[in-house]
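Along the sequence shown, the residues carry numbers beginning at 1.
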Amino acid sequence: MALNNSTLRRTLRAYQIYGANTNVGKTIMSTILGKAFLRKYPGESMHYLKPVSTGPVDEADDRHLAQFAPETKTRCLFQFDEAVSPHIAARSSNPPSDSEIHEQVLAHLTACAKSGSSTLLLETAGGVHSPTPSGSSQADLFRPLRLPVCLVADHRLGGISASISAFESLHIRGYDVDAVLQFDDQKYQNYAYLKAYFEKKGILVLSLPPPPPHGQTQQEDFVLMSEYYAKAGRLDVVDETISKLSEKHTTRIQSLEEMSGNAHKQIWYPFTQHRDVSPQTIMTIDSASGDFFQTHSTTTATTTIPQDTILTPTFDGSASWWTQGLGHGNPSLSLAAAYASGRYGHVMFAGTIHQPALQLASSLLAHLQNHRLQKVFFSDNGSTGMEVATKMALTASFERYRWDVPKKEVGVLGLKGSYHGDTIGAMDCSEPSTFNEKVHWYTGKGYWFDFPQVKMVKGQWVIEPPEGMDEEFGGAVGFLSLAEIFDIQARYESPSGQRYQNYIQDTLERLVKQEGMTFGALIMEPVLLGAGGMLFVDPLFQYTLVQVIRTNPQIFSQSTPPPTSNPQAWSGLPVVFDEVFTGLYRLGRFSSASFLQTCPDISVHAKLLTGGLVPLCTTLASDSIYDAFLGSEKRDALLHGHSYTAHPVGCHVANTSLNTMLEMEAGGSWQEFKNDWREGAESASPESVTDVWSVWSKDFISRLSYAREVESVVTLGSVLAIKLQDANVGYSSTAAVGLQKRLLERSTGFNIHVRVLGNVLYMMASQTSKPKTLRSIEKLLATELL
């Protein structure tokens, strides 16, 4: 798909003509509108575009416009002689792909805009869902353009249903239907019903007399239609429609230009210091499709983007706070949400069950491949899911150990730089940081291990110990490939593995036996710590931490722990994995826990769970955690819940999202990326070679690591993080802000919107990002940094 989807221009009024069915009069309506626009704006150009046409050339729709509205500049991009559906007509030739059609349509729109003030009508083929030459729905093909629609209703028997269905198909895909055009055929009188129906929705309706029957000869036909156009085109209702369509175009632009100013007055933004906010810094998003926003353009005369362009394509480089997996405006997810909304709305979940929730629970338990997990608890978002996980873990620990200490003194074990959310309990599971130092009730209950980090420096993958900890961990160690770093079993018996074991066990015994600390859980983000700065943890360190805790339960108990016959029961401390960010293919695998070759007792999943459409979170737990809440009184239960727990819309969307990604994996959708990373990784185990990969090209990552401004680079799955050189490291650093600004103000065909974490600029693709798009972004990053 073309990167530049911008279609809203100050000097170009563009409309898409859709039909509720085939043979409903789209071309006749286009001719009437075209002639009327020319009459209202005599100094402007009128353009007509038919992207795909089937049937004899002399009967083509663009020929009709050329014949009856000769002042109109007409064009057809792809003409197939056979009068059948485009996907059938295209079989006899080399059919154009959807991306080819899309790119040529955009090129034509751009050319028309350059010709000065003008109007363009883009007429589709057949009905709303008529196939493209490739077989996809044209409603999906043209959706990224999001041109305002003039829908031609069906005046024939059954036309009311067809017209409303067509409207709903467009509406659910995010199209704006500006007008409904119809013939007031007296036989079935659909027009009266449809006029009332659509006007209630605030949609402009134009009703016109039907065209005359065909004449006996072509000459008679020409005379009859010429007379028809002369009369119908000059009706007052046509002039009113043209004026209102023009007003909608102007109003849309005005609204976009005012939004940031109004937002500045009314909105309190998350994670934002508002002293740095102005209407100029607020990005207005008109729509989004695939990996791109369409944003209100504030480009200057130095750019190559046309100056009358109102919207600029902007790559969603943060995957909208890590949620996007299947692209914005994904029709499958939209339809799933609509189905569940229509079937259920929302239904309470206390003591009830519905099919989407049960299916989702079963799917997660099956595909996480964690033999410990047996139960699924639903909540609203990642932070609340971590609240639930913390309650589960600490309660299970207390029920087993019965500590004789005040509740406020029980803490958790974790990693420095970790962050698990902004609710009070989840916040207390993280070490002191910029996120919580101004939160007056934050206490920071626990101990957080510093750890060796994985990074690429000057073309080599290395594991570096924390500053000042060479004695504990040894010096930096280089590796031939990223896959070799994840060869945990081979590394566990190495000197590094032994040092990790000794360090962790000595630290735990000191904290508990000498300093008297009490711990109730180990809580970690597997592999990559997100909000802490995209910190790539040595997977061997995390694996070893789990192993030491599970094999040394005596460290955490004031007495001998009771024996258990259940091999899946938690031991030492409950292990909680926060996969809110890293899970569900974000790092290339269904579960990021699999990278560590260990199974947590509690696992939390959100973000990609619903493909980026609606909030939902699941906290999965083992039976040994679940059993801790079984008792004779209600207070013994897990008393946590939300009004929208397991809401059917979210669950059904999640099922659709997970099934899509599972099908992508099974179908080899990411094989090109995997092949790129397999070369040179032969020194690792076969499993590591296959499953350790990135959508960002290996050669680019290597070249980027040599850049003068770059301290190191990390990548895995869809994530790319660039750590810039800065003496003032950490979240308060401003080193990445300049690069962030330059990417957002590109002078090429699209911008890149990214977030920064101190001196770390990160870029995140979706699971459906195309190699062509990613390679284009790599070139832009190389231009800025190399």
Side-chain angles (χ1 to χ4, degrees), residues 7-9 11-19 22-80 86 96 101-128 130 132 138 141-142 145-152 175 177-179 181 206 208 211 221-222 225-226 228-230 232-234 238-239 241-242 245-246 248-249:
T7 58
L8 182 60
R9 305 291 179 85
T11 58
L12 177 67
R13 292 177 294 271
Y15 306 92
Q16 194 160 6
I17 310 297
Y18 267 109
T22 190
N23 294 324
V24 294
K26 295 190 303 296
T27 305
I28 293 173
M29 288 294 189
S30 294
T31 305
I32 292 171
L33 290 182
K35 292 172 74 69
F37 269 111
L38 279 169
R39 191 172 63 255
K40 184 171 180 62
Y41 304 104
E44 298 186 3
S45 301
M46 182 69 213
H47 303 271
Y48 170 87
L49 177 65
K50 186 81 174 182
V52 178
S53 180
T54 60
V57 174
D58 58 354
E59 297 177 8
D61 295 333
D62 57 314
R63 293 291 185 92
H64 186 92
L65 266 290
Q67 185 178 30
F68 292 101
E71 306 92 340
T72 300
K73 300 176 182 179
T74 65
R75 187 177 176 192
C76 177
L77 298 178
F78 299 96
Q79 173 71 46
F80 299 96
I101 297 173
H102 189 91
E103 289 170 6
Q104 290 205 32
V105 168
L106 281 170
H108 187 73
L109 284 167
T110 301
C112 292
K114 290 179 179 178
S115 69
S117 297
S118 54
T119 302
L120 180 139
L121 302 179
L122 187 157
E123 184 183 317
T124 58
V128 165
S130 289
T132 68
Q138 64 178 344
L141 165 63
F142 294 118
L145 302 176
R146 222 180 76 83
L147 291 170
V149 169
C150 293
L151 174 64
V152 181
Y175 285 92
V177 177
D178 277 5
L181 316 176
L206 171 63
L208 293 174
D221 253 349
F222 178 79
M225 288 305 298
S226 296
Y228 172 75
Y229 285 132
R234 292 186 177 276
V238 174
D239 288 339
T241 300
I242 295 301
L245 287 173
S246 298
K248 285 178 176 288
H249 176 78

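Classified by interplanar angle (parallel below 30°, tilted 30° to 60°, perpendicular above 60°), the ring pair His64/Phe68 is tilted. Note on ring orientation: taking the six-membered ring where Trp is involved, the planes of Tyr175 and Tyr18 are perpendicular (angle over 60°, cut-offs 30° and 60°).
Between the side chain of Thr124 and the main chain of Ile17, a donor-acceptor pair closer than 3.5 Å is present. The main-chain N or O of Leu8 is never found under 3.5 Å from a side-chain atom of His249 such that the two would form a donor-acceptor pair. Panel note: side chain Gln16, backbone Leu151; no donor-acceptor pair is recorded below 3.5 Å. Side-chain atoms of Tyr15 come within 3.5 Å of backbone N or O of Leu245 as a donor-acceptor pair. For Thr7 (side chain) and Leu145 (main-chain N/O), a donor-acceptor pair under 3.5 Å exists by modelled atom type. Lys50 places no side-chain N or O within 3.5 Å of a backbone atom of Leu122 that could act as its donor or acceptor partner.
Rounding to the nearest 0.5 angstrom, the gap separating the CG atom in Leu33 from the OG1 atom in Thr119 is 10.0 Å. One distance of note links CE of Met46 with CG of Leu38; it measures 6.5 Å at 0.5 Å rounding. Taken to the nearest 0.5 Å, the CZ atom of Arg13 stands 13.0 Å off from the SG atom of Cys112. Note that the CZ atom of Phe78 and the OG atom of Ser53 stand 12.5 Å from one another [nearest 0.5 Å]. Interatomic distance, CG of Leu12 versus NZ of Lys114, reported as 13.0 Å (0.5 Å rounding).
Among all heavy-atom pairs drawn from Ile101 and Pro51, the shortest one is CG2-CB, 4.3 Å. The heavy-atom pair separating Ala232 from Ile32 by the smallest distance is CB-CD1, 4.2 Å. Scanning both residues, Leu147 and Ala14, for their nearest heavy atoms gives CD2-CB, 3.6 Å. Residues His47 and Thr72 come closest through the heavy atom pair C-CG2, 4.1 Å. Scanning both residues, Ala36 and Val238, for their nearest heavy atoms gives CB-CG1, 3.5 Å. The minimum heavy-atom distance linking Ala125 with Val52 is given by the pair CB-O, 3.7 Å.
Shown are Lys40, Arg234, Arg39; of these, the salt bridge (charged side-chain N to carboxylate O under 4.0 Å, His left out) with Asp239 is made only by Arg39.
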Practice item. Take Thr27 and Asp61 through the test side-chain hydrogen bond (donor to acceptor under 3.5 Å, both in side chains) and record every step on the way to the result. Key: CA-CA 6 Å; Thr27 305; Asp61 295 333; 3.1 Å; yes

Exercise for review: Take Leu65 and Leu121 through the test side chain to side chain contact (heavy atoms under 4.5 Å, CB included) and record every step on the way to the result.
Suggested key: CA-CA 11 Å; Leu65 266 290; Leu121 302 179; over 6 Å; no

Exercise for review: Under the side chain to side chain contact (heavy atoms under 4.5 Å, CB included) rule, what do Met225 and Gln67 come out as? Steps first, then yes or no, please.
Suggested key: CA-CA 10 Å; Met225 288 305 298; Gln67 185 178 30; over 6 Å; no

Review point. Would Phe37 and Ser246 count as a side chain to side chain contact (heavy atoms under 4.5 Å, CB included) if you check the C-alpha gap in whole Å, the side-chain angles of each, and the deciding distance to 0.1 Å?
Key: CA-CA 9 Å; Phe37 269 111; Ser246 298; 3.8 Å; yes

Check your understanding: Under the side-chain hydrogen bond (donor to acceptor under 3.5 Å, both in side chains) criterion, do Gln138 and Thr132 qualify, and how do the steps go?
Key -> CA-CA 6 Å; Gln138 64 178 344; Thr132 68; over 6 Å; no

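Within 6.0 Å of atom NZ in Lys73, 12 or fewer heavy atoms from other residues, nucleotides or ligands are found, so the atom counts as exposed in its surroundings.
Leu208 places a side-chain heavy atom less than 4.5 Å from the side chain of Met29. Between Ser30 and Tyr48, some side-chain heavy-atom pair lies under the 4.5 Å cut-off.
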